[in-house]
Participant: 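Following this message is one structure expressed as structure tokens.
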Amino acid sequence: MKKSISFAMATVMALSVTSAGSMTALADDVTITIFNSKTEVQSQFEEKAAEYAEKTGVNVEVYFSTDTVAAHMATRYASEDPYTLSMVDAKDIYSLAPEHGVDLSDQDWVNDTDYEISVGDAVYGFPICVEARGVLYNAEAIEAITGEEFVPENYATLDAFKELLETLVAGGMETPTGIMKEDWSLGAHYLSEIYEEQEDVDAFITSLHEGSADLINNGKFNALMDTFDVLMQYNYAKDSAIAAEREVTEQKLAEGEIAFMFGGNWDWSVINAYDYSEKMGMMPVPQNTEDGTNTKLVGGGSKYFFIDASDNTSDEQRQAAKDFLNWLVYDEEGQSFLVNDCALVPAFSNNALEVTDPLGNSVKKYADAGALVPNYNYAPDDHLSLCGASFQKYLAGQIDRAGFAEEIENYWKSTTPVEH
């Protein structure tokens, strides 16, 4: 699917921003192409197009594909038709950018973020936003039953969390949790926390690949699966968990029929379509653990731009792409576009705009406090679908915890970890 969009970057090019350096004015007939892999911001880009086009003649064609990012990018490079600017996942920066990307080390924005991606001495990945995962909550619905202010920190342990769930049930909320059954939520998000919260993540992944890991006796695996079992126990759709629709679950959370759901701040793009409660947020996944991970969200930079370095892209196009990135970081309109229009948590410290949606606001607070467990960005492309399918079997009651652990171990023994 192709969206041809003209972005006006005159604001950037006319601007003289000391921290951003001087911008290079471009000819009106310059065209750059962008691959967008974050579908929830597509319409926002489209809406910005006319305004951009009025101020500059730089034309931008924005593309989207239903293929995996890696597969789509491989096709484009095989056909010698790369995008000027590509939005990819972190692991794709490591696999693609050293061969195909422009070194952006000399860009001023590198000094204003902690989330850029470097390979060796070269900076290739421009972080588009910060995203994180945890348990989403509806404080208004909780407080209506308990009569007390909801303080997420009071429910960091599974024991305390389960006690609260029992209180909610006794108060009339028969099923206070919801679970998204999608493979990406189960396989790429919840399961990944089991890796990410290990003391040495790479060593743990290596042990899985080599077949020496004993997952069913791993403390972190069991702590997070104990929590997942509690989420299943109180799930509004536990009798047909694998059939629950994401939109229904998110609507129930938004409107207070349920109080908790595992997810991320990206879920606001769905929740805000409903009659949502004003007092919502995100908290770490409750766990009976002493390692401190139950006081942190899991997250970091999410989605990265890199600029094509091949002969298929001209220097003028590369400069236009650099100017666009600088616009996002340093221009007030660009900053507002990310935070207000796209509802993203900025990855750059100079962007002081308040994140207004409650989930993003929670993420920013944890990020500013240094309370994020870093993402593990190097799962193979089929991890989501294959391990997600195994997790769906567990959710549906088709396998027990030992069977689930065995399927995850078998997956990693049969694949090759992504080099990074």
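Values in this document were obtained by computation on a predicted structure and should not be read as measured data.
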Participant: Could K252 and E257 be called an ion pair, given the rule that one side-chain N must be under 4.0 Å from one carboxylate O?
Facilitator: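 A salt bridge links K252 with E257.
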
Participant: By the side-chain hydrogen bond (donor to acceptor under 3.5 Å, both in side chains) test, which pairs, at least two apart or in different chains, include something from residues 394-409?
Facilitator: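 Counting only pairs at least two positions apart or across chains, the side-chain hydrogen bond (donor to acceptor under 3.5 Å, both in side chains) contacts touching residues 394-409 are N222-R401, D226-R401, D229-Y394, D229-R401, S390-E407, K393-E407.
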
Participant: Who passes side-chain hydrogen bond (donor to acceptor under 3.5 Å, both in side chains) against K91, sequence neighbours left out?
Facilitator: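 Residues passing side-chain hydrogen bond (donor to acceptor under 3.5 Å, both in side chains) with K91: D381.
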
Participant: Of all residues at least two apart in sequence or in a different chain, which pass the side chain to side chain contact (heavy atoms under 4.5 Å, CB included) check with H209?
Facilitator: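 Counting only residues at least two positions away or on another chain, H209 forms a side chain to side chain contact (heavy atoms under 4.5 Å, CB included) with P417.
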
Participant: By side chain to side chain contact (heavy atoms under 4.5 Å, CB included), which residues pair with K38, not counting sequence neighbours?
Facilitator: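 Counting only residues at least two positions away or on another chain, K38 forms a side chain to side chain contact (heavy atoms under 4.5 Å, CB included) with N36, E40, V41, M87, C129, E131, K303, L344.
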
Participant: Residues two or more places apart in sequence or in another chain: which of them pass side-chain hydrogen bond (donor to acceptor under 3.5 Å, both in side chains) with Y276?
Facilitator: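 With neighbours one apart ignored, the set is empty.
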
Participant: Just to verify, what does Y115 make a ring-ring contact (aromatic ring centres under 6.0 Å, His included) with, not counting sequence neighbours?
Facilitator: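 None.
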
Participant: Keeping to residues at least two apart or across chains, list the side-chain hydrogen bond (donor to acceptor under 3.5 Å, both in side chains) pairs with something in residues 161-182.
Facilitator: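 Output for this query lists E166-Y234.
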
Participant: Could I get the full list of side chain to side chain contact (heavy atoms under 4.5 Å, CB included) partners for N377, not counting sequence neighbours?
Facilitator: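 In terms of side chain to side chain contact (heavy atoms under 4.5 Å, CB included), with neighbours along the sequence ignored, N377 is linked to A90, N375.
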
Participant: Checking S336 now: which residues fulfil side chain to side chain contact (heavy atoms under 4.5 Å, CB included) with it, not counting sequence neighbours?
Facilitator: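 In terms of side chain to side chain contact (heavy atoms under 4.5 Å, CB included), with neighbours along the sequence ignored, S336 is linked to N340, L353.
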
Participant: For S277, what residues pass the side-chain hydrogen bond (donor to acceptor under 3.5 Å, both in side chains) criterion, not counting sequence neighbours?
Facilitator: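 S277 satisfies side-chain hydrogen bond (donor to acceptor under 3.5 Å, both in side chains) with N138 only.
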
Participant: Of all residues at least two apart in sequence or in a different chain, which pass the side-chain hydrogen bond (donor to acceptor under 3.5 Å, both in side chains) check with D183?
Facilitator: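 Residues passing side-chain hydrogen bond (donor to acceptor under 3.5 Å, both in side chains) with D183: none at all.
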
Participant: Which residue pairs pass the ring pair (Phe, Tyr, Trp, His ring centres under 6.0 Å) test when at least one of the two sits in residues 284-307, sequence neighbours left out?
Facilitator: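 Ring pair (Phe, Tyr, Trp, His ring centres under 6.0 Å) check on residues 284-307 returns no pairs.
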
